[in-house]
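Only this structure's heavy atoms are used, side chains among them; waters, hydrogens and symmetry mates stay out. Note on naming: letters A, B, ... go to the chains in the order of the sequence lines (proteins, then strands), and numbering restarts at 1 for each one.
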Amino acid sequence: DWSREAFTMSPQYSRAVIEHFVKLYEEGLIYRGKRLVNWDPVLHTALSDLEVLAEEEKGSLWHLRYPLADGTGHLVVATTRPETMLGDTAVAVHPQDERYKHLIGRKIHLPLTDRLIPIIGDEYVDPAFGSGCVKITPAHDFNDYEIGKRHNLPLINVFDANAALTHDVPEKYRGLDRFEARKLIVADLQARELLEKIEPHTLKVPRGDRSHAVLEPWLTDQWYVRIAPLAEPAIKAVEDGRIRFVPDNWTKTYYQWMHNIQDWCISRQLWWGHQIPAWYDDQGNVYVARSEEDALAQAQGSLNRTDVTLTRDEDVLDTWFSSALWPFSTLGWPQQTPELKTFYPTSVLVTGFDIIFFWVARMIMMGLKFAGDVPFREVYITGLIRDENGDKMSKSKGNIIDPLDLIDGIDLEALVAKRTSGMMQPHLKSKIEKNTRKQFPEGIPSYGTDALRFTFASLATMGRDIRFDLGRIDGYRNFCNKLWNAARYVLMNTEGQDTGFGPGSVEYSIPDRWIRSRLGTTIEQVRKHFADYRFDLAAQTLYEFAWYEYCDWYLELAKPSLQSDTSSDAQKRGARRTLLEVLEAYLRLLHPLMPFVTEEMWQSVAPLANRTGATIMLQPYPQDSDFPIDQAAESAIAPIKAAILGVRQIRGQLDVARSRQVPLFVKAASQEDWRLIEANAPLIGFVANVSAITAVEDENALPPTAMQLIDGHAIHAPLANLIDDPDAELARLGKRKAKTLQEIAKCEAKLGNQNFVANAPPAVVDQERARIADFRSEIAQIEEQERRVAQLKNA
RNA sequence: GCGCGCGUAGCUCAGCGGUAGAGCAUCACCUUGACAUGGUGGGGGUCACAGGUUCGAUCCCUGUCGCGCGCACCA
């Protein structure tokens with residue numbers, strides 16, 4: 001609904017954000033505090049835990065000697081970050097560690113400084129790791145910070161906002177970048193013989209998800225959301241089933257995060273975003289208010305004077321803070337609008353798993369808090385579309401495929417230019433260019449929107465990422481074309497004709513009734529697949545009906561009625577009406593997955609199918625009750641298809657052109673089947689290019705033929721009409737015989753197993769017996785045929 | 001360490017306690033009057049491996065190997 005487009009920075013939305021912030025603050029759920037945060041020294045902002053990427057990288061473990069203050073020796077501490085040692089305020093050992101416990105309470109002389117720091121005992125220390133001694137830097141490490149709090153250690157901040165060293169370090173190191181400082185400190189320690197050894201070590205390095213810079217735990221004032229009270233009802237909502245994840249396995253992921261959730265740092269030192277509604281007076285007191293006037297009034301009241309000057313907090317809010325309100329603030333919240341009443345909660349949220357924490361969980365928490373209900377009933381989690389190697393698409397990897405380029409196509413040079421411009425890491429340019437040229441030597445052809453959409457639907461398996469493959473979209477582009485041609489054909493045969501909606505009588509043939517029945521089943525299945533969020537199965541069902549039933553069979557089977565001189569007007573009307581009605585309903589059924597082509601075709605087809613409307617988009621979705629199952633027609637079509645298939649297979653396997661007309665001899669599986677074949681002989685003759693169809697009484701009386709067995713029917717075509725060389729037919733028969741013998745062997749093995757016969761359900765055993773009987777009679781027929789063809793050869 | 005998922009045809013993927021499937025690719029034939037972006041037919045798979053349950057396992061269970069992801073992490 002484009003009339004409801006919303007923008008998170010609009011004044012209306014901003015008001016909602018401020019209201020939200022103030023309310024949480026007033027309830028004590030937002031607080032400001034000086035704490036360690038993940039600091040991005042490049043972007044100069046704090047980040048939430050979720051924005052931190054921990055990547056495994058190769059580094060070193062430096063073993064440093066820290067001399068005891070009394071000169072009786074030293075302790076060895078291991079660190080991955082030697083430059084932080086200038087901020088150490090203790091060395092910790094495990095309180096039960098026999099090697100060190102007598103040292104607890106003594107002092108260490110911190111190298112390169114003139115400071116003495118205590119040796120403390122703390123359970124956090126793992127005696128088995130390294131030397132069992134840990135340097136403690138409370139201002140620059142999250143674990144050390146907690147230990148520092150437990151032991152009342154001072155916090156010495158040795159880094160500034162750029163992660164360069166501050167004035168709180170010896171003069172020599174001041175102003176140095178952290179990595180420069182590392183080199184110098186290690187060298188200085190080595191010079192003093194305080195470096196025991198350096199070991200290679202892989203460690204997880206925290207990096208910012210935007211800048212990719214190595215983050216620094218840094219002590220600053222930030223705003224936080226006290227999250228546990230909000231998380232609890234949000235967990236319950238999923239436990240109760242008021243919200244359901246599809247597929248269900250994401251529920252666990254959600255719980256795991258929600259149960260271990262930490263307070264959310266929401267302030268950012270960026271210039272873009274909603275500014276935090278907090279003001280400070282000249283003494284640093286904070287006033288949170290909906291407006292500056294309110295804040296001023298608060299300040300005046302609290303300070304008991306009027307000449308107060310306030311300064312607004314310059315920080316802005318984490319973008320996800322405002323996004324968390326999306327489901328209700330877009331509907332006018334905090335006003336109780338009619339929209340809010342009507343549309344909240346929504347039925348389903350469709351999104352990627354990568355923002356379950358960032359967004360989904362927070363919408364649930366805030367929705368429950370402020371809108372009084374869950375924001376949505378179901379969360380459908382899609383897979384991620386990855387590149388051909390299974391890698392996540394990203395600008396820096398240069399492996400992004402823009403959907404627009406698949407729709408419109410793009411030539412190689414333009415694609416290379418697109419992938420290598422505006423790069424944050426220009427040194428990757430030549431590699432990206434090379435890969436792109438290799439993968440898309442011809443660029444990308446234009447596939448169109450419908451093919452792309454249908455492809456993604458067909459790949460949308462539950463809970464699985466999609467590895468992008470041009471081959472699939474190629475096939476579905478062809479499908480669009482197939483449909484287009486089918487529609488063209490239908491129009492050709494119906495425009496300007498009596499399509500059976502008028503007074504003239506209408507007679508439906510077996511193919512007409514059959515395709516209607518099949519459409520009914522297809523509608524039922526597609527509806528079910530959509531209800532189950534199985535877009536892949538819906539797409540497959542739609543594809544198979546259109547191609548394998550409507551186009552491959554029905555359009556062919558309807559040709560005699562439409563084109564022959566012998567069919568009645570009523571039969572012609574029946575065929576035309578069926579062509580139209582089935583296509584029209586099918587277009588509506590397909591429309592959600594292929595919107596443009598279906599609309600275009602529907603505009604022409606619908607009026608002929610006696611249906612009016614401005615657009616297919618506003619038409620009802622097909623009901624299976626519109627096309628009831630016709631079991632009689634479905635049974636009747638089987639022998640007809642078998643006969644046609646038999647001829648096709650003989651032709652295909654003997655490499656015989658369709659243009660060579662052949663007579664047919666059929667030994668049907670039953671009297672009733674023969675009756676159907678005979679009654680539809682003109683139809684079969686037309687579709688399979690067969691001259692005449694005769695029932696076989698005595699197979700020995702036939703001329704030498706090629707034979708195909710289908711569903712118990714033996715379909716014979718005289719060899720003289722097909723080929724000169726009977727060996728080809730003998731080879732064919734031999735192959736079929738070998739296959740059948742294999743199946744017989746399998747059945748025999750099964751039925752020979754007493755346990756199978758005794759324990760398997762009777763229906764399964766019976767089925768197996770029936771199969772083996774069928775196979776045996778097949779063998780008999782094949783061998784008979786082999787004899788006859790061999791005679792021809794000997795003659 | 002905890003959690004989730006994946007290993008099925010050359011490639012991308014469905015499937016499932018009882019006859020192994022699709023698209024693309026491949027091979028042969030077919031210039032049929034909707035469509036060669038098409039038609040018909042064919043070839044191709046010890047369903048990762050090993051145990052277990054079962055009359056029967058690609059499917060269920062356990063373990064192993066390989067791959068991916070999320071969370072938490074030892075300085």
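- For A:Asp474, whose side chain is taken as the heavy atoms from C-beta onward, the closest listed nucleotide among B:C24, B:A34, B:C55 is B:C24.
- Residue A:Tyr550 contributes atom OH, which lies 14 Å from atom C1' of B:C35 at whole-angstrom precision.
- Residue A:Tyr543 has no polar side-chain atom (N or O) positioned under 4.0 Å from OP1 or OP2 of B:A14.
- Between A:Glu748 atom CD and B:G56 atom P there is a gap of 20 Å when expressed in whole angstrom units.
- Taking atom P on both nucleotides, B:U54 is separated from B:C47 by 22 Å, rounded to a whole Å.
- Scanning atom types as modelled, no donor and acceptor separated by under 3.5 angstrom connect the side chain of A:Arg467 and the base of B:U12.
- Separation of the C1' atoms belonging to B:C4 and B:G39 is 46 Å when rounded to the nearest angstrom.
- Between A:Phe535 and A:Tyr533, the ring planes are perpendicular. Angles over 60° get that label, and only those under 30° would be called parallel.
- Under the Watson-Crick and G-U wobble criteria, each requiring two contacts below 3.5 Å, nucleotide B:A20 is left unpaired.
- Look at B:G63: its Watson-Crick or wobble partner, with both distances under 3.5 angstrom, is B:C49.
- Taking atom P on both nucleotides, B:U37 is separated from B:A25 by 11 Å, rounded to a whole Å.
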Could you go over nucleotides 43-48 of chain B and give all protein N or O partners under 3.5 Å, atom names and distances?
none

Give me the distances for all protein-to-nucleotides 38-41 of chain B N/O pairs that come in under 3.5 Å?
residue : atom : partner  : partner atom : Å
B:G38   : OP1  : A:Asn478 : ND2          : 3.0
B:G38   : O3'  : A:Lys482 : NZ           : 3.2
B:G39   : OP1  : A:Lys482 : NZ           : 3.1
B:G39   : OP1  : A:Trp547 : NE1          : 2.5
B:U40   : O2'  : A:Arg648 : O            : 3.3
B:G41   : O3'  : A:Gln653 : NE2          : 3.3

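- A distance of about 50 Å separates the C1' atoms of B:U32 and B:G68, rounded to the whole Å.
- Following rounding to the nearest Å, A:Ile356 (CD1) and B:C71 (C1') show an atom-to-atom distance of 12 Å.
- When the P atom is compared between B:G41 and B:C49, the two are found 32 Å apart, to the nearest whole Å.
- Taking a pair to require two hydrogen-bonding distances under 3.5 Å in either a Watson-Crick or a G-U wobble arrangement, B:U58 remains unpaired.
- B:A22 sits 27 Å from B:G56 when the C1' atoms are compared, rounded to a whole Å.
- Taking the C1' atom of each, B:U58 and B:G17 are spaced 10 Å apart, rounded to whole Å.
- Using a 4.0 Å heavy-atom distance criterion, A:Arg732 is classed as making no nucleic acid contact.
- Residue-level contact check: A:Leu555 touches the bases, meaning some heavy atom is under 4.0 Å from a base atom.
- Nucleotide B:G42 holds its P atom 12 Å from the CG atom of A:Asp655, rounded to whole Å.
- Summarising the geometry, the separation between NZ on A:Lys204 and C1' on B:C73 is reported as 8 Å, rounded to the nearest angstrom.
- The distance between the ring centers of A:Tyr447 and A:Tyr476 does not fall below 6.0 angstrom.
- The shortest side-chain heavy-atom distance between A:Glu55 and A:Lys204 does not fall under the 4.5 Å cut-off.
- On the P atoms, B:G44 is 45 Å away from B:C2, given to the nearest whole Å.
- Using a 30° and 60° split on the angle between ring planes, A:Phe454 and A:Phe479 fall in the tilted class, from 30° to 60°.
- Checked against B:U19, B:U12, B:A75, the side chain of A:Arg472 finds its nearest nucleotide in B:U12.
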